Amino acid sequence: MAFSIVTWNINSVRLRMPIVQQLLELWQPDVLCLQETKCPNDQFPTAAFKKIGYEHIAMHGQKGYHGVATISRQPFVEEAEWVEFCEMGDTRHISTRHAIPGMSDPVLLHNFYVPAGGDEPDIVKNPKFDHKLKFLDEMTGHFGARFKSDKNIVVGDLNIAPSEHDVWSHKQLLKVVSHTPVEVETLDRVFKAGGFVDLVRQHFPEPEELYSWWSYRSRDWQASNRGRRLDHIWSHPDVAKHLSSVEILSDARGWEKPSDHVPIRAVFG
């Protein structure tokens with residue numbers, strides 16, 4: 001029996017609930033992980049999700065900024081948890097445990113929204129960039145210690161395009177936040193600390209170019225195609241063995257009132 005997980009930076013769940021419903025009707029995932037929900041928990045559109053069969057919702061939100069939510073058809077194996085990284089008071093992580101058919105043990109699904117890091121890749125001039133690197137360092141520590149024994153899946157907007165084939169121009173973006181060498185190296189430490197497999201690249205090996213984000217600043221995002229792969233799905237190697245397919249729904253960037261990110265789906269079994 002197949003089991004699917006979708007991750008999507010929705011850039012305000014209340015504003016874009018119509019296209020969230022469109023996505024759910026189209027793909028019917030077992031689990032949907034949203035980032036940048038931009039609403040406190042008591043204002044999350046819970047009823048709209050329950051109406052279409054998604055009864056189980058774990059959310060970690062705040063007014064106007066950040067926020068993550070994991071929405072499931074089936075009950076979570078245990079209560080959701082979250083970690084506050086860098087003691088900033090922002091809502092950028094939630095974890096839920098899921099029973100996936102064909103796997104002997106439940107998996108721990110981490111839903112992340114890593115800080116964007118501002119515009120200047122300089123930790124002295126730009127506190128937001130310093131925050132981003134420190135956030136990633138704390139992620140490295142957690143996956144090297146607290147979560148090491150779990151069969152983890154990590155999804156979300158990690159706000160870094162790690163490979164030259166994850167950006168429209170490697171040369172032009174080397175000094176642009178999201179693709180700088182220091183960000184790529186720091187993200188790689190997180191990746192190695194958890195012993196992860198990049199499921200998107202497992203399914204679409206390099207040198208294929210892959211993007212999940214296109215700027216709102218571009219008048220015709222499709223024609224210019226200046227994208228970056230900022231959204232990721234990683235897993236423990238034992239989980240990766242069960243991967244059957246991955247899809248990036250690029251068409252969603254052209255839906256009505258779109259997010260600047262598009263959904264990515266991983267199917268297991």
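Count residues from 1 along the sequence. Just so it is clear, the structure is predicted and the values come from calculations on it, not from any experiment.
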Enquirer: Among residues at least two apart in sequence or on other chains, which ones pass side-chain contact (heavy atoms from CB on, under 4.5 Å) with Gln74?
Expert: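 By the side-chain contact (heavy atoms from CB on, under 4.5 Å) rule, Gln74 matches Ser72.
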
Enquirer: Distance alone, cut at 3.5 Å: any donor-acceptor contact between the side chains of Trp213 and Asp157?
Expert: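 Checked: Trp213/Asp157 side chains show no N/O donor-acceptor pair below 3.5 Å.
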
Enquirer: If hydrophobic clusters are built from ILVMFWY residues whose side chains come within less than 4.5 Å, do Leu109 and Leu199 share one?
Expert: yes

Enquirer: Enter the distance from Trp221:CH2 to Asn225:CG here, rounded to the nearest 0.5 Å.
Expert: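 Output value for this atom pair is 7.5 Å.
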
Enquirer: Just wondering, do Leu230 and His261 contact through their side chains at under 4.5 Å, heavy atoms?
Expert: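 Sidechains of Leu230 and His261: in contact.
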
Enquirer: Could you work out, with salt bridge (charged side-chain N to carboxylate O under 4.0 Å, His left out) as the rule, every residue matching Arg146, not counting sequence neighbours?
Expert: Glu81

Enquirer: Nearest 0.5 angstrom please: Ser163 OG to Leu210 CG, how far?
Expert: 9.0 Å

Enquirer: Do the two ring centres, one from Trp168 and one from Tyr211, sit under 6.0 Å apart?
Expert: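 Ring-ring flag for Trp168/Tyr211: false, centres at least 6.0 Å apart.
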
Enquirer: Taking distance alone, no hydrogens or angles, what donor-acceptor pairs closer than 3.5 Å link side-chain atoms of residues 241-252 to residues at least two apart or in another chain?
Expert:
{"residue": "Ser244", "atom": "OG", "partner": "Val267", "partner atom": "O", "Å": "3.0"}
{"residue": "Ser244", "atom": "OG", "partner": "Gly269", "partner atom": "O", "Å": "3.1"}
{"residue": "Glu247", "atom": "OE1", "partner": "Arg265", "partner atom": "NH2", "Å": "3.0"}

Enquirer: With distance as the sole test, does Ser235 use its side chain to make a donor-acceptor pair with the main-chain N or O of Val197 at under 3.5 Å?
Expert: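 Checking the backbone N and O of Val197 against the side chain of Ser235, no donor-acceptor pair under 3.5 Å is found.
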
Enquirer: Using side-chain contact (heavy atoms from CB on, under 4.5 Å) as the criterion, list what pairs up with Asp42, not counting sequence neighbours.
Expert: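 With neighbours one apart ignored, the set is Pro40.
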
Enquirer: Under 3.5 Å, which donor-acceptor pairs do the side chains of residues 47-59 form with other protein atoms, sequence neighbours left out?
Expert:
{"residue": "Tyr54", "atom": "OH", "partner": "Pro29", "partner atom": "O", "Å": "2.6"}
{"residue": "Tyr54", "atom": "OH", "partner": "Arg73", "partner atom": "NE", "Å": "3.4"}
{"residue": "Tyr54", "atom": "OH", "partner": "Arg73", "partner atom": "NH2", "Å": "3.2"}

Enquirer: Show me the donor-acceptor pairs within less than 3.5 Å that the side chains of residues 10-17 make with the rest of the protein, sequence neighbours left out.
Expert:
{"residue": "Asn11", "atom": "OD1", "partner": "Lys38", "partner atom": "NZ", "Å": "2.7"}
{"residue": "Asn11", "atom": "ND2", "partner": "Tyr216", "partner atom": "OH", "Å": "3.1"}
{"residue": "Ser12", "atom": "OG", "partner": "Leu15", "partner atom": "N", "Å": "3.3"}
{"residue": "Arg14", "atom": "NH1", "partner": "Gln43", "partner atom": "OE1", "Å": "2.6"}
{"residue": "Arg16", "atom": "NE", "partner": "Ile10", "partner atom": "O", "Å": "3.0"}
{"residue": "Arg16", "atom": "NE", "partner": "Asn11", "partner atom": "O", "Å": "2.9"}
{"residue": "Arg16", "atom": "NH1", "partner": "Lys257", "partner atom": "O", "Å": "2.9"}
{"residue": "Arg16", "atom": "NH1", "partner": "Pro258", "partner atom": "O", "Å": "3.2"}
{"residue": "Arg16", "atom": "NH2", "partner": "Asn11", "partner atom": "O", "Å": "3.3"}
{"residue": "Arg16", "atom": "NH2", "partner": "Tyr216", "partner atom": "OH", "Å": "3.4"}

Enquirer: To the nearest 0.5 Å, what is the distance between CH2 on Trp234 and CG on Leu187?
Expert: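 Here the interatomic distance stands at 4.0 Å.
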
Enquirer: Out of the candidates Ser178, Ser215, Ser169, only one should pair with Arg228 under the side-chain hydrogen bond (donor to acceptor under 3.5 Å, both in side chains) rule; please name it.
Expert: Ser178

Enquirer: Which donor-acceptor pairs under 3.5 Å do the side chains of residues 134-143 make with protein atoms, sequence neighbours left out?
Expert:
{"residue": "Lys134", "atom": "NZ", "partner": "Asp130", "partner atom": "OD2", "Å": "3.0"}
{"residue": "Glu138", "atom": "OE1", "partner": "Cys86", "partner atom": "N", "Å": "2.9"}
{"residue": "Glu138", "atom": "OE2", "partner": "Cys86", "partner atom": "N", "Å": "3.4"}
{"residue": "Thr140", "atom": "OG1", "partner": "Leu136", "partner atom": "O", "Å": "3.1"}
{"residue": "Thr140", "atom": "OG1", "partner": "Val190", "partner atom": "N", "Å": "3.4"}

Enquirer: Would you please name every residue forming a side-chain contact (heavy atoms from CB on, under 4.5 Å) with Glu78, sequence neighbours left out?
Expert: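 Testing Glu78 for side-chain contact (heavy atoms from CB on, under 4.5 Å), a comparison that skips the adjacent residues, returns Arg97.
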
Enquirer: Restricting to salt bridge (charged side-chain N to carboxylate O under 4.0 Å, His left out), what partner residues turn up for Asp122, sequence neighbours left out?
Expert: none

Enquirer: In chain order, what residues pass the salt bridge (charged side-chain N to carboxylate O under 4.0 Å, His left out) check against Lys192, with sequence neighbours excluded?
Expert: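 Testing Lys192 for salt bridge (charged side-chain N to carboxylate O under 4.0 Å, His left out), a comparison that skips the adjacent residues, returns Asp188.
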
Enquirer: Any side-chain heavy atom of Phe196 sitting closer than 4.5 Å to one from His236?
Expert: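 Sidechains of His236 and Phe196: no contact.
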
Enquirer: Run the side-chain contact (heavy atoms from CB on, under 4.5 Å) test against Trp82 and tell me which residues pass, sequence neighbours left out.
Expert: His60, His93, Ile94

Enquirer: The criterion is salt bridge (charged side-chain N to carboxylate O under 4.0 Å, His left out); which residues satisfy it with Arg201, sequence neighbours excluded?
Expert: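 Here the qualifying residues are Asp166.
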
Enquirer: Please say which of Val155, Val31, Leu23 ends up in a side-chain contact (heavy atoms from CB on, under 4.5 Å) with Val6.
Expert: Leu23

Enquirer: Supply the atom-to-atom distance Phe268 CZ to Ile100 CD1, rounded to the nearest 0.5 angstrom.
Expert: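 Answer for the CZ-CD1 pair, Phe268 versus Ile100, is 5.5 Å.
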
Enquirer: Rounded at 0.5 Å granularity, tell me how far CD1 in Ile5 sits from OG1 in Thr7.
Expert: 9.5 Å

Enquirer: I'd like to know whether the aromatic ring centres of His232 and Phe112 sit less than 6.0 Å apart in this structure.
Expert: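 When the ring centroids of His232 and Phe112 are compared, they turn out to be at least 6.0 Å apart.
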
Enquirer: Does the side chain of Thr180 pick up a donor-acceptor pair with the side chain of Glu183 at under 3.5 Å?
Expert: yes

Enquirer: Can you measure from CG (Asp238) to OG (Ser104) and round to the nearest 0.5 angstrom?
Expert: 8.0 Å

